[in-house]
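Working notes, structure below.
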There are 2 protein chains.
Amino acid sequence: MSAKSAVAIPSPFRTREEKAREREEKREAVLRAAVRMFNARGFHATSLDDVAASLGISKPTIYHYLGNKEQVLIECVTRGLEMLRAAADEARAGEGNGLARLGYFLRRYGAVIMDDFGACVVRTGDECLSAEGAILFRSRKRDIDLAMRGLIADAVADGSIAPVDVKLAGFTLAGALNWAARWRDPAGALSAEAIAAAQVDLLIAGLAPRG
Amino acid sequence: MSAKSAVAIPSPFRTREEKAREREEKREAVLRAAVRMFNARGFHATSLDDVAASLGISKPTIYHYLGNKEQVLIECVTRGLEMLRAAADEARAGEGNGLARLGYFLRRYGAVIMDDFGACVVRTGDECLSAEGAILFRSRKRDIDLAMRGLIADAVADGSIAPVDVKLAGFTLAGALNWAARWRDPAGALSAEAIAAAQVDLLIAGLAPRG
DNA sequence: GGCGCAACCTACTCATGAGTATAGGAGAGA
DNA sequence: TCTCTCCTATACTCATGAGTAGGTTGCGCC
């Protein structure tokens, strides 16, 4: 696609696209470093100086790539929320009865929540954001909640799960999975997917002895 | 027990015990005001000046009753943890099979978590505390976790619940109930106990259609 | 060569909030 | 009356951390 095809000595001269890609990579790296720290120490307890230092750069560089501290956080939670929304869309478009689609969503939801950006959604309270930011954040979270409720309602409607209170079930299921963002050890033996699957099995079957 | 028995005109002169009780009441009021604000805005985002202002007093008065900001938080979470421990103790000492005792614990656990001090336990991350404080906090929470696991293991052992993975079930149940600290509206129609009971019923029965 | 621009840094400003020094008033006892 | 001990407030200090000003370097383009 360019002159670097045949005897390509890696050139230190960047094309326009390479530059743009590099910029995007750096932005990405800042976000990743920030979300790790936010999750580990909390938003307020993390200074942008610390984030910068962990990347070997200085604070103004962060401001160069992302407007301000809140912007950094908003980008992080937006990533997480997008993944959750994608999971909901896929589940809704999926095959199978209501329970199958709900189960698919819950497994994906759980796995996302154990990702850095997903965990950030859970760990970030409205109080971290400005008034406008909090409104946006709440509304995005509400979309996920409503998607969850929709899937539950569908499953109730087609009889593939018991006729539960949709709202209460939504919060209870979300909470059970959300909490994994707190206790799961990324260095542990089980993958996020495996844990989520086990949790979902438990939530579907319940504690009661199986027939 | 004193001279205030018969024709008691309420005296403005305090006895030694009354003084002590008043001091305790004031301490209590500070704690209650603080925990509300911590829950609403987060620990780091709450200043002791704000807490003091909400009581119509000044910051040094808070320092007079409680050593420093961390001490205030520690007292708050300790209250919550004590309530949870009491619930575990009662459940363990209770009658009935394993499921009955586990169910009792979970209902109490859920109700405590929706209380101001209980919610504080959930909303407080280790990052808010000093190194020593965090160690103490973690170990107290671990006690609760272990109590929960013990009750689950007992119920598995006597066959009153299915043979679940004890650790995973413990975290999943705790998460489902903990999350209520975030979404429940204290002004809502349902009591904390009613919500907890409904959640526990759901967790025991599971989503699967009932036979 | 000179201009413009992107990227990055050093070195600030400035607000906030934890914690303290200090003083003053009020009841209790000598 | 004098003093001691609580209780409480005013008015600080001081560290931290968000955000900014302004300079420097190096590349691409006329």
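None of the values given here were measured: they were computed from a predicted structure. So you know, we letter chains A, B, ... as the sequences are listed, proteins then strands, and number each from 1. All values below were derived from every heavy atom in this structure, side-chain atoms included, with hydrogens, water molecules and symmetry-related copies excluded.
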Inspect the contact between A/Asp89 and A/Arg92 and indicate whether a charged nitrogen and a carboxylate oxygen are less than 4.0 angstrom apart. yes
Begin with the C-alpha distance, continue with both residues' side-chain angles, and end with the deciding distance and a verdict on side chain to side chain contact (heavy atoms under 4.5 Å, CB included) for A/Leu136 and A/Leu129. CA-CA 10 Å; A/Leu136 190 76; A/Leu129 284 70; over 6 Å; no
Please check: side-chain N/O of B/Arg123 versus main-chain N/O of B/Asn39, any donor-acceptor pairing under 3.5 Å? yes
What one should report as the nearest heavy-atom pair of B/Leu81 and B/Ile144 is O-CD1, 3.9 Å
Are side-chain heavy atoms of A/Tyr104 and A/Glu90 found at a separation under 4.5 Å? yes
Let me have DNA chain C in dot-bracket notation, would you? Count Watson-Crick plus G-U wobble pairs, both distances under 3.5 Å, and use [ ] for pairs crossing earlier ones and | for inter-strand partners. ||||||||||||||||||||||||||||||
What are the residues of residues 31-52 of chain B, sorted by number, that bring a heavy atom to within less than 4.0 Å of DNA chain C? B/Thr46, B/Ser47, B/Leu48
Check: protein-nucleotides 4-6 of chain D nitrogen or oxygen pairs below 3.5 Å:
none

With the side chain of A/Tyr65 defined as its heavy atoms from C-beta on, choose the nearest nucleotide among C/dC9, D/dA18, C/dA7. C/dA7
Report all interatomic pairs (protein N or O, nucleotide N or O of nucleotides 10-15 of chain D) with separations under 3.5 Å.
none

How about B/Arg149: does its CZ atom have over 12 heavy atoms from other parts shown lying under 6.0 Å from it? yes
For B/Met114 and B/Ala192, the nearest pair of non-hydrogen atoms, with its separation, is CE-O, 3.4 Å
Of the options D/dG19, C/dG19, D/dT8, whose atoms approach the side-chain atoms of A/Asn68 most closely? D/dG19
For C/dC8 and A/Lys26 - does any side-chain N or O of the residue sit under 4.0 Å from the phosphate oxygens OP1/OP2? yes
Within the 4.5 Å heavy-atom criterion, are A/Phe171 and A/Asp145 side-chain neighbours or not? yes
Donor-acceptor check, side chain of A/Gln199 to backbone of A/Leu177, threshold 3.5 angstrom: yes or no? no
From the list C/dG19, D/dT8, C/dC9, which nucleotide is the closest neighbour of the side chain of A/Thr61? C/dC9
Electrostatic pair B/Arg85-B/Glu82, nearest N-O below 4.0 angstrom: yes
What residues from residues 126-136 of chain B pass a heavy-atom cutoff of under 4.0 Å to DNA chain D? none
Tell me if the CZ atom of B/Arg36 is crowded by more than 12 foreign heavy atoms within 6.0 Å. no
Other residues, nucleotides and ligands only: do more than 12 of their heavy atoms fall within 6.0 Å of CD on B/Glu25? yes
Does A/Asp126 pair with A/Arg138 as a salt bridge, N-O distance under 4.0 Å? yes
Qualifying salt bridge (Lys or Arg N to Asp or Glu O under 4.0 Å) pairs with a residue from residues 66-77 of chain B, counting only residues at least two apart or across chains: B/Arg27-B/Glu75
